[in-house]
Student: 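I have a structure I would like to understand better, so I am pasting it below and will then ask my questions one at a time.
Note on naming: letters A, B, ... go to the chains in the order of the sequence lines (proteins, then strands), and numbering restarts at 1 for each one.
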Amino acid sequence: MPEGHTLYRLAADLSAAFTGQRVEVCSPQGRFVDGAAAVDGHTLDGAESAGKHLFISFDNDWIIHVHLGLIGGLRIEEGRPAEPLGAVRLRLVGRSAYADLRGAITCELIDAGARATILARLGPDPLREDGEPGKAFDRIAKSRKPIGALLMDQSVLAGVGNVYRAESLFRARLNPMTPGGKVSRRRWDALWADLVDLMDHGVQTGRIDTVRPEHDPEAMGRDARVDDHGGEVYVYRRTGQACHVCGSRVKTAVLEGRNLFWCPACQRRR
DNA sequence: TCAAGATGATCAG
DNA sequence: TGATCCTCTTGAT
């Protein structure tokens with residue numbers, strides 16, 4: 001379930017659970033044995049996220065770089081570690097908690113230089129205080145690609161995934177196929193501010209709620225849907241159902257290899 | 001029991 | 001653009 005807010009939360013939770021502790025590091029699955037051995041028994045200095053990337057730093061200058069991809073997951077549990085269940089790529093064991101990583105697309109050992117290279121590839125992250133929306137706008141304004149594709153491009157904007165893409169565009173009443181160059185600076189700034197707000201809420205609650213009483217009291221309770229991912233949404237995975245706002249049927253199409261959802265009436269192309 | 005799909009990204013052609 | 005990788009859950013058979 002990883003979009004940027006998930007990684008941000010994980011970094012905070014990992015830091016809270018393990019920072020300053022000597023941790024046991026292993027790879028029960030066997031696919032990260034050498035990397036785990038390089039930091040096993042060392043003190044964990046902290047964890048941070050950037051977009052959908054997670055960096056776990058150790059006192060011997062090695063960093064574990066994790067990208068969960070579509071299906072990866074990292075769970076932190078209290079107490080002594082249980083027998084590993086399933087394919088646990090990486091396990092961290094601290095004084096009173098342990099963490100298991102499964103299904104990640106990337107789990108590798110890197111140094112500070114490689115970390116800097118990864119960060120340099122990423123666009124601004126709405127969750128980071130140093131995120132500069134103007135940098136993303138420079139790319140968007142020059143592009144003829146649809147805004148629905150640009151939002152998913154991590155070199156344009158880091159941390160936004162398929163749910164935030166669909167929902168933020170709906171809330172902006174912006175058609176996903178609108179070319180980047182046709183999006184005004186004013187609309188982009190509003191979209192960015194909304195993403196900051198939505199993703200910050202995601203960090204606080206651990207779920208993606210975009211239909212919220214303070215934003216849209218009328219939509220709440222009318223036909224609000226709690227999606228399987230655990231949040232209340234306007235269009236995401238609501239194909240064929242009535243739009244909460246206008247009643248039109250929510251449409252879907254594949255864009256950038258992922259399912260895109262939008263309301264053809266509220267997000268009419270201008 | 002098996003196949004499909006899922007909040008992602010990369011690489012070859 | 002399509003194939004591929006990673007794991008788990010859900011729904012069809």
Side-chain angles (χ1 to χ4, degrees), chain A residues 1-11 27-33 35-36 49-55 64-75 77 84-91 99-108 110 114 117-123 125-127 145-146 148-171 176 195 198-211 225-240 250 252-262:
Chain A
M1 45 159 130
E3 293 201 27
H5 70 297
T6 307
L7 277 300
Y8 191 96
R9 253 177 97 95
L10 278 175
S27 177
Q29 179 204 37
R31 289 187 48 186
F32 187 59
V33 173
S49 71
K52 298 170 188 170
H53 297 260
L54 177 67
F55 302 99
I64 296 178
H65 169 224
V66 171
H67 193 299
L68 295 177
L70 187 59
I71 59 180
L74 197 161
R75 289 184 63 168
E77 306 280 358
L85 270 182
V88 177
R89 179 90 53 87
L90 166 70
R91 170 170 275 188
D100 282 348
L101 173 72
R102 293 180 176 82
I105 195 169
T106 301
C107 175
E108 61 180 358
I110 62 172
T117 303
I118 293 164
L119 291 179
R121 281 204 310 260
L122 295 175
D125 179 348
L127 283 172
K145 288 176 83 174
L150 292 165
L151 286 185
M152 295 282 279
D153 184 337
Q154 300 297 300
S155 67
V156 173
L157 189 64
V160 171
N162 209 15
V163 184
Y164 282 127
R165 161 173 81 166
E167 293 297 302
S168 64
L169 288 175
F170 177 86
R171 288 163 57 92
L195 280 168
L198 288 174
M199 294 176 75
D200 193 53
H201 183 265
V203 170
Q204 306 303 324
T205 63
R207 39 185 270 171
I208 301 178
D209 290 298
T210 59
V211 184
R225 156 168 206 242
V226 174
D227 184 79
D228 298 340
H229 75 276
E232 206 157 328
V233 291
Y234 283 103
V235 291
Y236 177 70
R237 290 213 308 212
R238 294 191 63 247
T239 310
V250 172
T252 187
V254 174
L255 181 60
E256 293 294 291
R258 311 295 304 283
N259 290 322
L260 170 69
F261 307 88
W262 78 102

Student: Atom CD in A/Glu3, atom CE in A/Met199: separation rounded to 0.5 Å?
Tutor: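 One finds 7.0 Å between CD of A/Glu3 and CE of A/Met199.
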Student: Starting at CG of A/Leu74 and ending at C1' of B/dT7, how long is that distance when rounded to a whole Å?
Tutor: 16 Å
Student: What residue among A/Leu101, A/Leu54, A/Leu74, A/Leu68 forms side-chain contact (heavy atoms from CB on, under 4.5 Å) with A/Cys107?
Tutor: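 The side-chain contact (heavy atoms from CB on, under 4.5 Å) with A/Cys107 is passed solely by A/Leu101 among A/Leu101, A/Leu54, A/Leu74, A/Leu68.
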Student: For A/Arg89, answer base if it contacts any base atom (sugar-phosphate contacts may also be present), sugar-phosphate if it contacts only those atoms, and nothing otherwise; contact means non-hydrogen atoms under 4.0 Å.
Tutor: sugar-phosphate
Student: Which nucleotide in the list C/dC6, B/dT10, B/dA6 gets nearest to the side chain of A/Tyr236?
Tutor: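 Of the options given, the side chain of A/Tyr236 lies nearest B/dA6.
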Student: Rounded off to whole Å, could you give me the CG-to-P distance for the A/Leu68 and C/dC8 pair?
Tutor: 13 Å
Student: Report yes if some heavy atom in the side chain of A/Arg91 is under 4.5 Å from a heavy atom in the side chain of A/Pro28; otherwise report no.
Tutor: yes
Student: Could you state the CG-C1' distance from A/Asn162 to B/dA6, rounded to the nearest angstrom?
Tutor: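 Nearest whole value for this atom pair: 10 Å.
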Student: Rounded to the nearest Å, what distance is computed from the NE2 atom of residue A/His67 to the C1' atom of nucleotide C/dT7?
Tutor: 16 Å
Student: Is C/dT13 paired to anything, Watson-Crick or G-U wobble with both distances less than 3.5 Å, and if yes, which nucleotide?
Tutor: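 C/dT13 is unpaired by these criteria.
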Student: Please give the distance between the P atoms of B/dG5 and C/dT13 as a whole number of Å.
Tutor: 13 Å
Student: Would you indicate which nucleotide in C/dT7, B/dT7, B/dA9 comes nearest to any side-chain atom of A/Ile105?
Tutor: B/dA9
Student: Starting from C1' on B/dT10, measure out to NE2 on A/His53 and report it in whole angstrom.
Tutor: 12 Å
Student: Starting at CG of A/Leu54 and ending at P of B/dT7, how long is that distance when rounded to a whole Å?
Tutor: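 To the nearest whole Å, that distance equals 21 Å.
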Student: Hey, could you give me the CD/NZ distance between A/Gln154 and A/Lys52, rounded to the nearest 0.5 Å?
Tutor: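 Result: 4.0 Å between the selected atoms.
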Student: Rounded to the nearest 0.5 Å, what separation is found between the CZ atom of A/Phe170 and the CZ atom of A/Arg165?
Tutor: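 A/Phe170 CZ to A/Arg165 CZ: 16.0 Å, rounded to 0.5 Å.
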Student: OP1 or OP2 of B/dA9 sitting under 4.0 Å from any side-chain N/O of A/Lys52?
Tutor: yes
Student: Could you work out which one of B/dA9, B/dA6, C/dT7 sits closest to the side chain of A/Asn259?
Tutor: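 The nucleotide sitting nearest to the side chain is B/dA6.
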Student: When you compare B/dT1 with C/dC6, how far apart are their P atoms, in angstrom units rounded to a whole number?
Tutor: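 Looking at atom P only, B/dT1 and C/dC6 are 24 Å apart.
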Student: Base, sugar-phosphate, or nothing: which does A/Gln29 touch, judged by heavy atoms less than 4.0 Å apart?
Tutor: sugar-phosphate
Student: What is the distance, rounded to the nearest whole Å, between atom CD1 of A/Ile71 and atom P of B/dA6?
Tutor: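 The distance from CD1 of A/Ile71 to P of B/dA6 comes to 13 Å, rounded to the nearest Å.
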Student: Counting side-chain heavy atoms from C-beta on, which of C/dT7, B/dT7, C/dC6 comes nearest to A/Val163?
Tutor: B/dT7
Student: With a 4.5 Å heavy-atom cut-off, do A/Thr252 and A/Leu260 have their side chains touching?
Tutor: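 Not touching, per the 4.5 Å side-chain cut-off.
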Student: Taking only the side-chain nitrogens and oxygens of A/Arg237, find out if one of them lies under 4.0 Å from OP1 or OP2 of B/dA6.
Tutor: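 Indeed not, no polar side-chain atom of A/Arg237 lies that close.
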Student: Closest to the A/Ala87 side chain: B/dA9, B/dT10, C/dT7?
Tutor: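 The listed nucleotide nearest to A/Ala87's side chain is C/dT7.
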Student: If we take the C1' atom in both B/dT10 and C/dC8, what is their distance in whole Å?
Tutor: 22 Å
Student: Can you measure A/Phe32 atom CZ to C/dC5 atom C1' for me and round it to whole angstrom units?
Tutor: 18 Å
